[in-house]
A.B. asks: 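I have a structure here, written as structure tokens, and I will follow up with some questions on it.
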Amino acid sequence: MSTRKILVTSALPYANGPIHLGHLVEYIQTDIWTRFQKMQGHECWYVCADDAHGTPIMLRADKEGISPEALIAKTSEEHQADFADFNIAFDHYHSTHSDENRELASDIYLKLESAGHIAKRTISQAFDPEKQMFLPDRFIKGECPKCGAADQYGDNCEACGATYSPTELKNAVSAVSGATPIEKDSEHYFFKLGDFEAFLKEWTTSGHVHESLENKLGEWFEAGLQDWDISRDAPYFGFQIPGSDNKYFYVWLDAPVGYMASFKALCESDLGKQQGLNFDEYWAEDSDAEVVHFIGKDIVYFHALFWPAMLKGAGFRTPSKILAHGFLTLNGEKMSKSRGTFIKARTWLDHMPAEPLRYYFAAKLNNGVGDLDLNLEDFVARVNSDLVGKYVNIASRCANFITKKFDGQLTEINEAQPLVAECAAAAPQIAELYEQRDFARAVREIMALADKANQYIAEQEPWALAKDESKLPQVHDICSTGVRLFHILSIYLKPLLPALGEKAEAFLNLPPQQWSDVGQALSGHAINKFKPLMTRVQSEDIEKVLEVAAEEAKAFAEPEKKVEATNPIAEEIEFDDFAKIDLRLATIIEADHVEGADKLLRLQLDLGDETGGVKKQIFAGIKSAYDPEDLIGKTTVVVANLKPRKMRFGMSEGMVLAAGPGGEELWVLEPSSNSRGTAPSAGNRVK
RNA sequence: GGCGAUAUAGCUCAGUUGGUUAGAGCGACGCAUUCAUAAUGCGUAGGUCCCAGGUUCAAGUCCCGGUAUCGCCA
């Protein structure tokens, strides 16, 4: 097999917060693939960096009273410690706030500019007059122009899902100073993505991105490629744009360049020099090396469109592969800071070893973009059963015989023994699964072999034979075979479990194993005394992790509490205004889903005898909170004299009263029974 | 609102181009075993393949509609 040259990256973590378990899915996935490639004997380099620029970092540093440089230095240290403790083996970890990155980003920009791919035009943007800075959408808060929900960000409403521009927000305030933002003009620089449409259409459909993302990309092409705003005004923590007065690169411009910068720094490090690493060999337009980016599915747009276009326009090679993965859910739910399901890498490490999580993620990772669920009960069961009960157990149950009865010496290993042959012959297939990043299937294959090894030992019953002195040679054979099987399995598992792999190598008295060592027979080899290679995961430890996360959730939730009204009382009205509204009790007699409507239910209400038996059809936006069948028979309050309104799905002849912040948190009003246990009936007027 | 992904056993997931009786691991239950970290082996139970319609000799798989969950919308 020829040696490949592969440069691998994971997405750059933002230097504004800690690494959490969701991040780790990606780093663990990438690390496994990288370790596998290295074990194959390929020249493979894994680089990453902190993504250190942008408004959030500038503001956070400001708030903490330190410089952005000090903030990102501190964060970088924490990130690297977390990665190291999860056995993520970067060859180099850098920062986007570095000389290499400044030079490369500027170089790329200047090349794009001289090729005519940069446009400049003036746009109007929200500006904080107190803080004297332009405000990103996320830093403007106000009431949703569509549904009126309070405390929404400048780009979309979390309550009703509407999207809008920050200027449409009602009662908008700057999240930085609380001042009312004003509109202000500024010249911005744009990268003309449309110049690359033909190239990108070809590039994205020729195997560089996963096919399941092709639909998504097709949508974007259909919508038309828009110019990309790549400049920001001062004050901004980032790189000044060459030739500009006071413009800075938008953080997403220099972030992917950070991949190159980190590799460049690697080339210039002692290790890089010693290995004769050459930057151009990997990044020049005609490079025959592979460049592989692992990313989350949320940043496909940047990596599959902007990034290759930038590289193409600046005369560099484009990526070989963009590999996207899904998100992590915890016990089936989205990770959430306020619900206590947001687990930091460090919290996990404080109570649990790293490798079981690596194994569990691997056991559920494939090459698709589906989400991955960390089910904690399943995690404990799976890890203990697979690793301790199956894999380690093989060594554990054979080693004592070898040590006690045969002085630690293995016999001649019969490589033709059917199970040994089968196990060793699986190497190419398992390698292909690793190569394709179908780690879940690789794990299944490996564990099926471990099952067979345990079956073999159970059938042979070495412990029974050992009672008869004359049968000791058989015991020796059986247990040596068991150790040999354990050796092969250890190599297969090593990309997933590097630390456990090292312990296995120490027990087997072997140097660091490569993939090709699967074929090494170990005949007559002396092994060391067996010591437990790993201990079982305790569910109490998981509980401790959850307790810490719950406490952090509390601390997170409290500063969120505000005394100020989020939903102030409306303007005063006259009694006559109120009297105009005819509110009636009505019984829901029918309720159905409405075909094609995401939020609406169709209700049929009986307004009772007092009204002469009026029936009304009303469409109510309560689908997210109620199943139709649960509503039938309920008595509720309706606005009976509201002018009927034609909706897409039919006439709505009134309004059902409901309260709540929205979404699932929505309650239809129902009359309560009084102290005498009686309740009002449909038709009664509300007064 | 637009678009996408997902829905299979109590849990976590496989199910290739439609093709016998829908599988695995874990969990449960029973038996065996004791070399091994209560580890292992053998066996049993457990499924309306989200719902409804359609194509077909044949649908978990293909088509249409719906529901739910998750995600994306530069």
Side-chain angles (χ1 to χ4, degrees), chain A residues 146 155-157 160-164 191 193 212-220 222-229 250 252 296-302 304-306 324 326-329 331-334 360 363-364 366 368-402 404-405 438 440-441 443-445 447-448 450-467 475 478-479 482 530-536 592-599 623-624 627-628 648:
Chain A
K146 300 251 163 58
D155 45 2
N156 71 321
C157 173
C160 75
T163 56
Y164 40 78
F191 174 49
L193 188 62
S212 73
L213 294 170
E214 278 185 20
N215 285 340
K216 194 81 216 166
L217 289 158
E219 250 177 66
W220 285 327
E222 213 164 293
L225 298 179
Q226 308 285 305
D227 287 355
W228 180 35
D229 186 350
Y250 174 44
W252 261 110
K297 63 183 179 183
D298 53 330
I299 53 176
V300 167
Y301 196 88
F302 294 99
L305 297 181
F306 294 146
F327 292 131
L328 181 70
T329 55
N331 291 336
E333 288 188 13
K334 191 178 164 184
Y360 188 76
K364 302 184 83 168
N366 56 34
V369 292
D371 288 349
L372 189 158
D373 186 44
L374 169 56
N375 180 292
L376 293 170
E377 266 180 49
D378 184 52
F379 166 77
V380 173
R382 182 87 190 252
V383 165
N384 287 339
S385 166
D386 284 5
L387 295 180
V388 181
K390 292 180 179 179
Y391 163 67
V392 172
N393 188 43
I394 298 165
S396 178
R397 64 196 306 198
C398 294
N400 274 348
F401 288 113
I402 301 285
K404 285 183 189 153
K405 306 224 182 255
D438 197 345
R441 190 172 289 205
V443 164
R444 282 205 299 279
E445 296 290 336
M447 281 306 135
D451 282 340
K452 287 186 181 179
N454 276 311
Q455 284 163 21
Y456 165 78
I457 297 164
E459 279 164 18
Q460 299 295 319
E461 300 185 322
W463 55 90
L465 300 172
K467 287 171 187 157
V475 174
I478 294 160
C479 292
F530 181 82
K531 287 180 237 165
L533 300 176
M534 73 173 281
T535 52
R536 310 173 73 77
D592 319 282
H593 286 292
V594 181
E595 193 168 313
D598 282 359
K599 298 188 166 64
K623 179 170 158 180
S624 49
D627 288 326
R648 208 169 111 203

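Numbered from 1 within each chain, the chains take letters A, B, ... in sequence-line order.
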A.B. asks: What does A/Pro532 touch in the nucleic acid at a heavy-atom separation under 4.0 angstrom: a base, only the sugar-phosphate, or nothing?
C.D. replies: base
A.B. asks: Are A/Arg397 and A/Asn454 linked by a side-chain donor-acceptor pair shorter than 3.5 Å?
C.D. replies: yes
A.B. asks: I'd like to check the side-chain hydrogen bond (donor to acceptor under 3.5 Å, both in side chains) partners of A/Asp438; sequence neighbours left out, ordered by chain and number.
C.D. replies: none
A.B. asks: Relative to the 5' end of RNA chain B, which residue comes earlier, A/Phe306 or A/Ala450, by the nucleotide with the nearest heavy atom?
C.D. replies: A/Ala450
A.B. asks: Shortest non-hydrogen contact from A/Arg382 to A/Val443?
C.D. replies: NH2-CG1, 4.1 Å
A.B. asks: Is the shortest side-chain heavy-atom distance between A/Phe530 and A/Val392 below 4.5 Å?
C.D. replies: yes
A.B. asks: Using the salt bridge (Lys or Arg N to Asp or Glu O under 4.0 Å) criterion, which residues pair with A/Asp378? Sequence neighbours excluded.
C.D. replies: none
A.B. asks: When the P atoms of B/C62 and B/G15 are considered, how many whole Å apart are they?
C.D. replies: 13 Å
A.B. asks: Looking across every strand, which nucleic acid part, if any, lies under 4.0 Å from A/Gln455 by heavy atom: base, sugar-phosphate, or nothing?
C.D. replies: sugar-phosphate
A.B. asks: What is the distance, rounded to the nearest whole Å, between atom CG of A/Asp298 and atom C1' of B/C72?
C.D. replies: 9 Å
A.B. asks: Whole angstrom is fine here: how far is it from OH in A/Tyr456 over to C1' in B/A36?
C.D. replies: 16 Å
A.B. asks: Map A/Trp228 and A/Arg444 onto RNA chain B by nearest heavy atom, then report which one ends up closer to the 5' terminus.
C.D. replies: A/Arg444
A.B. asks: Using a 4.0 Å heavy-atom cut-off across all strands, classify A/Leu533 as base, sugar-phosphate, or nothing.
C.D. replies: base
A.B. asks: Within a radius of less than 6.0 Å around CD of A/Glu461, do more than 12 heavy atoms belonging to other residues, nucleotides or ligands occur?
C.D. replies: yes
A.B. asks: So which heavy atom on A/Arg536 is nearest to which on A/Asn384, and how close?
C.D. replies: CA-OD1, 3.3 Å
A.B. asks: Counting only side-chain nitrogens and oxygens, does A/Lys364 get under 4.0 Å of the OP1 or OP2 atom of B/U12?
C.D. replies: no
A.B. asks: Give the rounded distance in Å between these two atoms: CD1 of A/Ile478 and P of B/A36.
C.D. replies: 16 Å
A.B. asks: Starting the side chain at C-beta, find the nucleotide from B/A39, B/G15, B/C13 nearest to A/Arg441.
C.D. replies: B/G15
A.B. asks: For the residue pair A/Cys479 and A/Cys398, what are the closest heavy atoms and their distance?
C.D. replies: O-CB, 3.7 Å
A.B. asks: Determine which bases of RNA chain B form Watson-Crick or G-U wobble pairs with both distances under 3.5 Å, and write the result as a 5' to 3' dot-bracket string with | for other-strand partners.
C.D. replies: (((((((..((((.....[...)))).(((((.......))))).....((.((..]....)).))))))))).
A.B. asks: What's the CG-C1' distance between A/Asn454 and B/U37, to the nearest Å?
C.D. replies: 13 Å
A.B. asks: Just wondering, do A/Gln226 and A/Trp228 contact through their side chains at under 4.5 Å, heavy atoms?
C.D. replies: no
A.B. asks: A/Phe401 has an atom CZ; how far is it from atom C1' of B/A36, in whole Å?
C.D. replies: 9 Å
A.B. asks: When you measure from the side chain of A/Asn366, which nucleotide among B/C13, B/G41, B/A14 comes out closest?
C.D. replies: B/A14
A.B. asks: What integer number of Å spans the C1' atoms of B/G53 and B/U12?
C.D. replies: 32 Å
A.B. asks: How far, in whole Å, is B/U61 from B/U8 if one measures between their C1' atoms?
C.D. replies: 12 Å
A.B. asks: Does A/Val300 reach a base, just sugar-phosphate, or nothing at all? Heavy atoms under 4.0 Å.
C.D. replies: nothing
A.B. asks: Shortest non-hydrogen contact from A/Ile457 to A/Pro462?
C.D. replies: O-CD, 3.4 Å
A.B. asks: For B/A9 versus B/U56, give the span between their C1' atoms, rounded off to a whole number of Å.
C.D. replies: 29 Å
A.B. asks: Using the P atom as the reference point in each nucleotide, state the distance between B/C64 and B/G25 in Å, no decimals.
C.D. replies: 36 Å
A.B. asks: Of all residues at least two apart in sequence or in a different chain, which pass the salt bridge (Lys or Arg N to Asp or Glu O under 4.0 Å) check with A/Lys404?
C.D. replies: none
A.B. asks: Between B/G30 and B/C72, how far apart are the two P atoms, rounded to whole Å?
C.D. replies: 47 Å
A.B. asks: Would you say that A/Tyr360 contacts A/Leu374 through its side chain, given a criterion of any heavy-atom pair below 4.5 Å between the two side chains?
C.D. replies: yes
A.B. asks: Main chain of A/Gly326, side chain of A/Asp371: is a donor-acceptor contact present, judged purely on distance under 3.5 Å?
C.D. replies: no
A.B. asks: Base, sugar-phosphate alone, or nothing: which one does A/Met447 contact when heavy atoms must sit under 4.0 Å apart?
C.D. replies: nothing
A.B. asks: Can you check the distance between B/A38 and B/U48, where both ends of the measurement are the C1' atom (answer in whole Å)?
C.D. replies: 39 Å
A.B. asks: Just to be sure I understand the rule, does A/Asp229 reach a base, reach only the sugar-phosphate, or reach nothing, if contact means heavy atoms closer than 4.0 Å?
C.D. replies: nothing
A.B. asks: Touch check for A/Asn400, heavy atoms < 4.0 angstrom, all strands: base, sugar-phosphate only, or nothing?
C.D. replies: sugar-phosphate
A.B. asks: Expressed as a whole number of Å, how far does the P atom of B/G71 sit from that of B/C29?
C.D. replies: 37 Å
A.B. asks: Restricting to nitrogen or oxygen on both sides, can you table the protein-nucleotides 63-67 of chain B pairs closer than 3.5 Å?
C.D. replies:
| from | atom 1 | to | atom 2 | distance (Å) |
| --- | --- | --- | --- | --- |
| B/U67 | OP1 | A/Lys623 | NZ | 2.8 |

A.B. asks: What integer distance in Å separates A/Arg397:CZ from B/C35:P?
C.D. replies: 11 Å
A.B. asks: Quick one: are A/Met534 and A/Val388 in side-chain contact, heavy atoms under 4.5 Å?
C.D. replies: yes
A.B. asks: Reckon A/Phe327 touches a base, only the sugar-phosphate, or nothing at all at heavy-atom distances under 4.0 Å?
C.D. replies: sugar-phosphate
A.B. asks: In whole Å, I'd like the distance from the CD atom of A/Gln460 to the C1' atom of B/G41.
C.D. replies: 13 Å
A.B. asks: Could you go over nucleotides 25-33 of chain B and give all protein N or O partners under 3.5 Å, atom names and distances?
C.D. replies:
| from | atom 1 | to | atom 2 | distance (Å) |
| --- | --- | --- | --- | --- |
| B/G25 | O3' | A/Lys390 | NZ | 3.4 |

A.B. asks: Between B/C42 atom C1' and A/Ile457 atom CD1, what is the distance in whole Å?
C.D. replies: 17 Å
